[in-house]
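Let me begin by presenting the structure, written as structure tokens, before commenting on it.
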Amino acid sequence: MDYALLEAKAQIRRQLEAFGPELNDLALEHPPKGINADLAMPVFPMAKAWRKGPPVIAKEIAEKLDWPEEGLIERAEAAGGYVNFHFKRERFGERVVSDVATHGLDYGQLDRGRDHTVVLDYSAPNIAKPMSVGHLRSTIIGEALARIFRKLGYATVGINYLGDWGTQFGRLTYAFIQWGDEAALEADPIQELLRVYVKFHDLMEEDESLEEQGRVWFAKLERGEEEALALWRRFRDLSIREFEKIYRRLGVQFDVWSGESEFYSAMSDRVIQEAQEKGITANDQGALIIPLEEYGLSAPILLRKSNETTSYETRDLAAALYRLDTYHPAKVLYAVGNEQSFRFQQIFKALELMGYGGVEWVHVNFGFMTLPSGRMSTRKGNVVLLEDVLDEAIERAGRVIEEKNPDLTPEERAEVARVVGIGAIKYSDLSQSRGKDVVFEWDRMLAFDGESAPYLQYTYVRCRSIHRRANVALQPFDGAALEAPEEHELLKTLARFPEIIEDAAREYAPHTIANYLFSLAQEFQGFYEKVPVLKAGSEAQVSNRLQIVDSVATVIRSGLDLLGIEVPERM
RNA sequence: GCCCCCUUAGCUCAGCGGAUAGAGCAACUGCCUUCUAAGCAGUGGGCCGCAGGUUCGAUUCCUGCAGGGGGCGCCA
């Protein structure tokens, strides 16, 4: 699979071989706007070895290079310390259009990951609690990364690792037995579970014995006592049913639903046993730990608490080993917030000490989401529910559609509102780099203008609209009929899509794709204003431009698909 | 005290070793009898937190400092 740009770069590299391997490390860059060139190579690093000034070196290289007639490169020239390359526009354009046309929505697919598996751990909500907007980031970033890695030929395993075990569920079980209401649990399970959990916490502030009750009931769970376990099982099942509704609306899918509860017994015993065999454990105040001070980590991993129950770290280690055994992954990614970075340092170090350092363990971290009023807390009630955000987005989108395009049928409108509303939410999160904290604001998350999903979707819709109105038979793409500079620029941008996907995967950064699509869309909108398609000067131009328009539509659609965002045909 | 993330235009953010630092929003000015104005064109707006260092070259890499956020064993 050699796409136009990869091929062009390979051709340049081949010519550079005339200078021996010395030039291999020089980068081939995309020159900034305003520079008249298609690719550029800075030669400054050669100055010392060659004992010449960069402009002289650039000139020597440019002059010695020789471009085969059948290649994609027209010529090279020196410009200061750069060698600038120019494509044979006709042939390059033909290649790009044919790349996109032959691969369709699979354009950009590469086989970088053949025979490799990536395990992705994302979303991971806690059962018995409503999902808030806070869960959006992990869910959406994880889903996007899974799609990106799949596009590069990796097998992926998306795991929803539920927070379904721990002392808190001892508390919840006890609380429900004390104050729970069956009918309410049936009607709105998460609401009812939250109610008794909040009550437990409120009372716990005055009554310290409750904390002990929580521990006692968790111990019952870990010992497998039926009364506790049956209740817990119901809580879990009911929660999953609620979560599934939201995932369906978000278009998020998992290959595996798992959870901490699967890893507290036999699997945990194995972790403890292996760690002991490796001689990396110690006893401390009745608990079994893995000391990590000598690796610069200020706290140890707690393998077994003094009351004999397991800790979440043990369960995480057990889950990690299970994933190795089951999927044999090259990488295991955890899409989890910054606030847990210390914990992942501990876990990855422990895995290394246990002899499992051969796998790439990656904490795909992201910033904290807060409300303008401060931290979210489900228990304290200052929280924005994910469900409400989805509803609001769709409703707002519906209002805009009614205003902008009243011709749509009610059914169309509802569907477009869904696609646009959900898209806007996802894009607002996926378009910025992961690391930064975000403050949730309705108007920002649900923006429909400027850099937003609706802008990209609208660009797609415009492409499709032209396509629908064209009732001419396409002729083979005719490079000789390329005329407007915008055409060439657009073709170059389209040609970058495959490498953008690789960048996104390498950095675990979906926003790379979002930003690329936005700049492609912007370029297209400029083209749309300036360059007539259906009313172009010649039949060859109409045909060419239609094919460029179709290519833009394909790349936008397939790029948005990588982000888990759908496109409407009209809006 | 130690560790992690962040600091670029009024606001929200791209750019993360290369050629004059870019968008979106907000403000102002234009553009719908040509392919959907959720659009386009234009104007104004920047000690790229501060100080050192590495480099031919630093917004980008390293060190220190300041500010914001998060975390630091029986919660996850």
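Letters A, B, ... mirror the listed sequences (proteins, then strands); counts begin at 1.
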Without decimals, in angstroms, what is the distance between [X] [atom1] and [N] [atom2]?
| X | N | atom1 | atom2 | answer |
| --- | --- | --- | --- | --- |
| A/E313 | B/A76 | CD | C1' | 10 Å |
| A/K404 | B/G39 | NZ | C1' | 9 Å |
| A/R434 | B/C4 | CZ | P | 16 Å |
| A/I466 | B/U34 | CD1 | C1' | 11 Å |
| A/Q525 | B/G24 | CD | P | 12 Å |
| A/R464 | B/U36 | CZ | P | 13 Å |
| A/F448 | B/C25 | CZ | P | 15 Å |
| A/F44 | B/G57 | CZ | P | 11 Å |

Heavy-atom nearest nucleotide on RNA chain B for A/G166 versus A/L534: which residue maps closer to 5'?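 Of the two residues, A/L534 wins.
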
Pairwise side-chain contact, [X] with [Y], heavy-atom cut-off 4.5 Å (strictly under):
| X | Y | value |
| --- | --- | --- |
| A/V438 | A/F366 | no |
| A/Y197 | A/H201 | yes |
| A/H363 | A/V336 | yes |
| A/W232 | A/S261 | yes |
| A/M41 | A/I61 | yes |
| A/R375 | A/K380 | no |

Of the options [options], whose atoms approach the side-chain atoms of [X] most closely?
| X | options | result |
| --- | --- | --- |
| A/F518 | B/G73, B/G24, B/U36 | B/G24 |
| A/E260 | B/C74, B/A76, B/G73 | B/A76 |
| A/V461 | B/U36, B/C3, B/A14 | B/U36 |
| A/I35 | B/C74, B/U20, B/C35 | B/U20 |
| A/N126 | B/C74, B/C40, B/A76 | B/A76 |
| A/R215 | B/C75, B/G39, B/C13 | B/C75 |
| A/A79 | B/C40, B/U36, B/A19 | B/A19 |
| A/E451 | B/A23, B/C75, B/G39 | B/A23 |

Would you mind checking if [Y] and [X] are paired as a salt bridge, meaning a charged N to carboxylate O distance below 4.0 Å?
| X | Y | value |
| --- | --- | --- |
| A/R399 | A/E403 | no |
| A/E222 | A/K305 | no |
| A/R506 | A/D503 | yes |
| A/D269 | A/R304 | no |

Just by protein heavy atoms under 4.0 Å, how would nucleotides 41-46 of chain B read 5' to 3' in B, S and -? ------

Base, backbone or nothing for each nucleotide of nucleotides 60-72 of chain B, written B, S, -, heavy atoms under 4.0 angstrom, 5' to 3'? ---------SSSS

Please check if any side-chain donor atom of A/W50 sits under 3.5 Å from a side-chain acceptor atom of A/E60, or the reverse.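 Judged by distance alone, the side chains do not pair up.
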
Please tell me whether A/S519 and A/E523 have a donor and an acceptor in their side chains that are separated by less than 3.5 angstrom.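 No - no donor-acceptor pair under 3.5 Å links their side chains.
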
Quick check on B/C47: syn or anti? Syn means the glycosidic torsion is within 90 degrees of zero.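 Here the answer is anti: the torsion falls beyond 90° from 0.
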
On the nucleotide [N], are OP1 or OP2 found under 4.0 Å from the side-chain N or O atoms that [X] carries?
| X | N | result |
| --- | --- | --- |
| A/R171 | B/C75 | no |
| A/H511 | B/C13 | no |
| A/Y455 | B/C40 | yes |
| A/K436 | B/C6 | no |
| A/Y528 | B/A37 | yes |
| A/K48 | B/C56 | yes |

Within the 4.0 Å heavy-atom criterion, would you say [X] contacts the bases, only the backbone, or no part of the nucleic acid?
| X | result |
| --- | --- |
| A/R304 | nothing |
| A/T167 | sugar-phosphate |
| A/G163 | nothing |
| A/I401 | base |
| A/N84 | base |
| A/P45 | base |
| A/A40 | base |
| A/Q345 | sugar-phosphate |

With both distances kept under 3.5 Å, what pairs with [N], Watson-Crick or G-U wobble?
| N | answer |
| --- | --- |
| B/C72 | B/G1 |
| B/G64 | B/C50 |
| B/C25 | B/G10 |
| B/G39 | B/C31 |

Span that lies between the [atom1] atom of [M] and that of [N], in whole angstrom:
| N | M | atom1 | result |
| --- | --- | --- | --- |
| B/U12 | B/G73 | P | 33 Å |
| B/G10 | B/G57 | P | 31 Å |
| B/C25 | B/G39 | P | 7 Å |
| B/A27 | B/G69 | C1' | 31 Å |

Classify the side chain of A/D449 and the base of B/A37 as holding, or not holding, a donor-acceptor pair under 3.5 Å.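 Answer no: no donor N or O sits under 3.5 Å from an acceptor.
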
Can you find a donor-acceptor N/O pair under 3.5 angstrom joining the side chain of A/Y312 to the base of B/A76?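 Side chain to base: pair present.
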
Decide ring pair (Phe, Tyr, Trp, His ring centres under 6.0 Å) for A/Y455 and A/Y427; before the verdict, give the C-alpha distance in whole Å, the side-chain angles of both, and the deciding distance to 0.1 Å. CA-CA 10 Å; A/Y455 178 90; A/Y427 190 89; 9.3 Å; no

Which ones in residues 438-446 of chain A lie close to RNA chain B, meaning a heavy atom under 4.0 Å from one of its atoms?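 Heavy-atom cutoff 4.0 Å gives A/R444.
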
Between A/F169 and A/F235, is a ring pair (Phe, Tyr, Trp, His ring centres under 6.0 Å) present by the stated rule, with each step listed? CA-CA 9 Å; A/F169 299 106; A/F235 298 161; 8.4 Å; no

Hey, can you tell me if A/F218 and A/W165 have their rings parallel, tilted or perpendicular (30° and 60° cut-offs)?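 Judged by the thresholds at 30° and 60°, the geometry between A/F218 and A/W165 is perpendicular.
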
side-chain hydrogen bond (donor to acceptor under 3.5 Å, both in side chains), paired with A/D38, selected from A/H30, A/K492, A/H86: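 Answer to the side-chain hydrogen bond (donor to acceptor under 3.5 Å, both in side chains) test with A/D38 among A/H30, A/K492, A/H86: A/K492.
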
